[in-house]
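Not measured: the values here are computed from a predicted model.
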Amino acid sequence: MRKAIVRSLAVILASLAAPAAFGSNYVVLYKQQALPGDVAATVTRAGGSVVYQYPEIGVVIAKSENASFRDNLLKDNRIENAASTARFATRLPDTQMDVEGGPPEELPNAPATDTDSLSPLQWDMRQIHTPEAHAITGGSPAVLVGDIDTGIDFNHPDLKQNIDVADSVNCVSGAPTPGLAAQDDHGHGTHTAGTIAAAANGFGIVGVAPNVKIAGIKAGNADGFFFPEAVVCAFVWAGTHHFDVTNNSYFADPFLFNCRNDPVQRAIWKAEQRAIQFAQQKGVTVVAAEGNESEDLAHPSADLTSPDFPPGAAERRAVNNECVVIPVEIPRVIGVSSVGSFPQSVDENGQPIDYLKSFYSNYGVGVTQLTAPGGDSVFRTPQTVNGRVLSTWPPYKPCTRSVKESTSDPEEPTAVYCYLQGTSMASPHVAGVAALIVSRFGNLNNPQNGKMSPERVKAYLDQTADPQPCPSQLPPGYAAFVGTQSGTPQTCQGGPGDNSWYGNGQVNAFNAVTHTSSNK
């Protein structure tokens, strides 16, 4: 599937800029972060039609079968760039400051229990101390988390009581379709949603924030591809619908590394960046997975897998620091690496104090803010069963490693749970703790969502994490796992309080909900 042939840059750019034979969606980026009144007429004259307009960020999603459509658009000097999105997607992997402000306003909070039928299998929750946190709060139903993923199983008995159907949306086309259209047709979104907000209801699992509301924002299609128009739609939706947190367990671009110095890739990158920053400005805390290529994102050198749509299109190319991963490398996004449960050392009570970065997890100085359990099937301890993270799963999608529970729910009489590993599984742990922080310390000083600013949420997360130093030695066999793109050995850089593998450390839910500004 990966080709060794390197085409000339001109040939590659021409193929990416040209629409597919059946017609293509385009991201049209205006120079101003606003749209003029004649957008529809401009697109029509160029040979296309408008799919949706995003006046908040100066972006239009258009469709055309005209091979000259992009060239025609660029004759308008108000348009900065335009790019076909036919090849621009990333598929989900198979595995996988001082705090200031006034006194907090009380949101409705209640404790939660961790005694559901599958709770003993949730090593990941014990590792970040969610049971202790739940004795204080399981989160608030006034807090809304958006899971930007492949949708959500609206009927899953462990999720349905917490799902906000009205704020769920299907963005796959580039235009928002609210409500039940966000049904998960892949499975990945239901898994990440369960880690965030599975209910404490006596059966199945318990999420990090089992009392908060969660909405499925479907940006990934049934094959697990995330196209740019869907990502733009997803973040604008989150920003305009007053979400508090979003989880993002995917890469939002055609290329694993999206190069800003390339004119076609830049159009996509800039449109997505505008959408993400719009959501942040509206009070949304954005949490993102770092990816599963064992690569140092701060020092990229090669990309062997892009573009990964359509199948067989990948070409090897050299990359550098002009090339970034979206959304994790957009400013103020909270980047999350993955750890398993493998203890490097123990304290005087025999408790593990250091955890090994998962063999597959990406990392990087300035990219990794936090780490969380994502599983590790190679370097694992007996209590993790198979090293992977257990979470909710749709009964109509296959899962290799599943657990099933009988329920009294006629819509889904058998609740299904699936074991997976990946930074996709790590990121929702941090998103869940962010939701607990907003629940516990939310105030009315933020004019955007009425609760807590992303900067304050990030500060609480950073200040309450358990620092993880770079390991003094690696277990036998770990060195064999090199970067899948570059072939480079994995090395940890930095001190115990901030390094390339763990950032500020492993997220700690109990510390987070008991935090005061004098903790650190």
Side-chain angles (χ1 to χ4, degrees), residues 1-9 11-13 15-17 27 81 83-93 96 220 224-228 231-232 248-273 275-276 286 288-331 333 335-338 360-369 422-424 427 482-491 500:
M1 184 171 169
R2 297 175 183 168
K3 298 179 181 178
I5 301 171
V6 179
R7 298 180 184 175
S8 70
L9 180 61
V11 173
I12 293 173
L13 287 180
S15 67
L16 291 175
V27 170
N81 213 327
S84 165
T85 68
R87 292 173 178 256
F88 284 72
T90 292
R91 192 177 189 181
L92 288 167
Q96 352 193 19
F225 287 104
F226 288 72
F227 287 89
V231 175
V232 168
N248 301 268
S249 291
Y250 60 91
F251 288 137
D253 210 65
F255 295 101
L256 175 58
F257 295 100
N258 182 80
C259 299
R260 295 169 289 184
N261 56 351
D262 172 274
V264 176
Q265 294 171 50
R266 182 176 177 83
I268 304 296
W269 161 76
K270 197 166 185 178
E272 291 175 338
Q273 177 176 259
I276 293 167
V286 181
E290 288 195 41
N292 304 333
E293 290 76 34
S294 308
E295 289 287 349
D296 184 350
L297 299 186
H299 301 93
S301 60
D303 183 352
L304 308 183
T305 61
S306 303
D308 65 359
F309 183 86
E315 302 284 354
R316 181 186 180 94
R317 64 186 182 132
V319 294
N320 55 35
N321 281 331
E322 286 291 328
C323 305
V324 297
V325 174
I326 299 174
V328 72
E329 291 193 84
I330 296 297
V333 170
V336 183
S337 67
S338 172
Y360 54 78
S361 177
N362 288 346
Y363 56 97
V365 172
V367 182
T368 307
Q369 273 75 56
T423 58
S424 286
S427 177
V482 298
T484 63
Q485 310 298 297
S486 64
T488 303
Q490 301 188 70
T491 58
S500 62

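You'll find the side chain of Asn248 reaches within 4.5 Å of the side chain of Val286, heavy atoms only. Ser338 places none of its side-chain heavy atoms less than 4.5 Å from the side chain of Glu290. No side-chain heavy atom of Phe251 sits less than 4.5 Å from a side-chain heavy atom of Asn292. Between Pro300 and Asn320 the shortest side-chain heavy-atom distance does not fall below 4.5 Å. No side-chain heavy atom of Tyr360 sits less than 4.5 Å from a side-chain heavy atom of Thr484. In this structure the side chain of Asp296 reaches within 4.5 angstrom of the side chain of Tyr363, judged on heavy atoms. Under the 4.5 Å side-chain criterion, counting only non-hydrogen atoms from C-beta, Ile326 is in contact with Ile276. A heavy-atom distance below 4.5 Å is found between the side chains of Pro228 and Glu272.
Side-chain atoms of Glu295 come within 3.5 Å of backbone atoms of Gln485 as a donor-acceptor pair (strictly under, hydrogens ignored). Between the side chain of Ser424 and the backbone N or O of Ser249 there is at least one donor-acceptor pair closer than 3.5 Å. With hydrogens and angles ignored, the 3.5 Å screen pairs no side-chain donor or acceptor of Asn258 with any backbone N or O of Arg260. With Thr423 contributing its side chain and Gly291 its backbone, the two residues share a donor-acceptor pair below 3.5 Å.
Val367 approaches Ala298 most closely through the heavy-atom pair CG2-N, 4.4 Å. Among all heavy-atom pairs drawn from Ala314 and Leu304, the shortest one is CB-O, 3.8 Å.
Scanning for side-chain contact (heavy atoms from CB on, under 4.5 Å) contacts around Ala275 gives Ile57, Val232, Phe235, Val236, with sequence neighbours left out. For Ser361, there are no side-chain hydrogen bond (donor to acceptor under 3.5 Å, both in side chains) partners, not counting sequence neighbours.
Of the inter-residue distances, the one linking Glu293 atom CD with Thr305 atom OG1 reads 6.5 Å to the nearest 0.5 angstrom. In this structure, OG1 in Thr368 is found 8.5 Å from CG in Asn362, a value given to the nearest 0.5 Å. Atom CD in Glu322 sits 9.0 Å away from atom CH2 in Trp269 (nearest 0.5 Å).
Among residues at least two apart or in separate chains, disulfide bond (SG atoms under 2.5 Å apart) pairs with a member in residues 290-326 are Cys259-Cys323.
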(message) Applying side-chain contact (heavy atoms from CB on, under 4.5 Å) to Thr85 and Ile268, what does each step give before you reach the verdict?
(response) CA-CA 8 Å; Thr85 68; Ile268 304 296; 4.2 Å; yes
